[in-house]
Amino acid sequence: MNYSNILLEKQEPVALIRLNRPKVHNALNNALMSELSECLAALDADDTVRAIVITGNEKAFAAGADIAEMRSLDFSQAYREEFITANWEQVTRCRTPVIAAVAGVALGGGCELAMMCDLLIAAESARFGQPEVKLGILPGAGGSQRLTRAVGKAKAMDLCLTGRMMGAEEAERCGLVSRVVADEQLVEEALAVAREIAGYSAMATMINKEAVNQAFETTLQAGIDYERRLLWASFTTEDRQEGMGAFLEKRAPAWKHR
Ligand code: CAA
């Protein structure tokens with residue numbers, strides 16, 4: 001598959017996707033989001049790919065939905081074409097772990113895309129924001145919900161109502177990102193994390209991801225019940241026998257489900 005708005009590099013067992021519209025700070029137009037969606041679906045179905053990194057360039061992860069393209073959009077068209085819903089949410093459907101590696105701006109839909117990923121690693125230059133209020137709209141790719149769950153009401157209101165940007169240090173402090181690294185190490189660090197994840201049993205990474213995601217969908221007790229059933233189910237797998245056996249026999253595990 002040939003893409004013109006993203007660059008795909010497969011380095012088995014991981015894949016790196018670079019958003020690639022540098023002239024417009026990787027503004028996320030329909031063509032880019034359709035390519036990204038298709039690419040993620042293909043990678044998710046590819047057993048040789050065990051973790052995925054999405055990044056931008058040194059100035060921008062993405063400056064949001066493409067404002068030039070949105071300018072003429074009316075309700076009727078947005079409704080008929082399911083604007084956002086049609087091709088923005090594939091990343092949330094991936095069972096393969098997805099890491100966002102953010103340098104420069106991640107604004108509006110760019111911040112929302114990064115928040116849809118499982119893990120968010122920021123370069124020191126990263127700046128996050130939901131500046132839609134300045135355009136007379138609000139976040140439309142889950143930002144008002146995911147940002148609030150990630151950082152709490154106080155920061156989410158601050159960012160959404162003022163449209164200000166938040167730097168990497170503040171983003172780490174309030175729990176939006178898991179690590180901050182030097183700009184020149186961003187992609188290597190993200191790929192190293194991806195390779196570390198890819199080194200575990202695919203079954204184990206999938207059930208861990210599924211359980212953490214449940215925390216956003218259910219009550220505490222229902223989430224704990226869900227976790228416990230996944231744990232009990234995991235006892236039936238070859239990989240948990242291998243993992244525990246390898247630990248006790250002081251050897252490296254040879255996973256069946258890679
Ligand atoms: N859509 C379309 N074009 C964009 C864009 C966007 N989101 N962001 C930047 N560009 C374009 C600019 O129009 C400019 O194009 P020209 O060279 O043709 O003039 C080019 O990218 C370079 O941008 P700037 O000259 O503005 O660069 P800068 O370094 O001065 O500023 C910036 C960078 C802070 C990212 C600034 O461009 C900016 O504020 N961009 C808009 C951010 C924004 O409002 N994002 C939210 C979009 S709405 C949304 O995402 C809705 C949703 O939830 C899905």
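Every number for a ligand or one of its atoms is a count from 1 in the order of the listing. For the single chain, residues carry numbers from 1 onward in sequence order.
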Under 3.5 Å, sequence neighbours excluded: what are the donor-acceptor pairs made by side chains of residues 118-128?
from	atom 1	to	atom 2	distance (Å)
D118	OD1	K209	NZ	3.4
D118	OD2	V98	N	2.7
D118	OD2	K209	NZ	2.8
S125	OG	G104	N	3.1
S125	OG	D183	OD2	2.5

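For ligand 1, the polar-atom distance check against A65 finds a nitrogen or oxygen pair separated by under 3.5 Å. Between G109 and ligand 1, a contact under 3.5 Å exists for at least one N or O pair.
Numbered from 1 in the order shown, with element, the atoms of ligand 1 that lie under 4.0 Å from a heavy atom of E132 read 48 (S), 49 (C), 50 (O), 51 (C), 52 (C), 53 (O). Shown in contact with I84 at under 4.0 Å from a heavy atom are these atoms of ligand 1, numbered in order with element: 54 (C). Of all the atoms in ligand 1, the ones that sit under 4.0 Å from a non-hydrogen atom of P139 are 53 (O). Counting atoms of ligand 1 from 1 in the listed order, those under 4.0 Å from a heavy atom of E112 are 52 (C), 53 (O), 54 (C). Near P131, meaning under 4.0 Å from any of its heavy atoms, are these atoms of ligand 1: 43 (C), 44 (O), 45 (N). Applying the 4.0 Å criterion to heavy atoms of G108 picks out, from ligand 1, the atoms 46 (C), 50 (O). If you number the atoms of ligand 1 from 1 as listed, the ones under 4.0 Å from a heavy atom of G140 come out as 52 (C), 53 (O).
Among S144, A63, G110, the residue whose heavy atom lies closest to atom 46 (C) of ligand 1 is A63. Nearest residue to atom 39 (O) of ligand 1 from D66, L107, N26, L135 is L107 (criterion: closest heavy atom). Taking all heavy atoms of G64, A27, G143 into account, the minimum distance to atom 5 (C) of ligand 1 is reached by A27.
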Criterion side-chain hydrogen bond (donor to acceptor under 3.5 Å, both in side chains) on E210 and Y226, from CA distance to verdict: CA-CA 10 Å; E210 198 181 326; Y226 193 91; 2.3 Å; yes

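Heavy-atom contacts from other residues, nucleotides or ligands closer than 6.0 Å to CD of E169 number 12 or fewer.
Looking at M70 against ligand 1, only its side chain comes within 4.0 Å, counting heavy atoms.
A side chain to side chain donor-acceptor pair (under 3.5 Å) with Q221 is found for one member of T218, D225, T219 and no other, namely D225.
To the nearest 0.5 Å, atoms NE2 (H257) and CD (E242) are separated by 11.0 Å.
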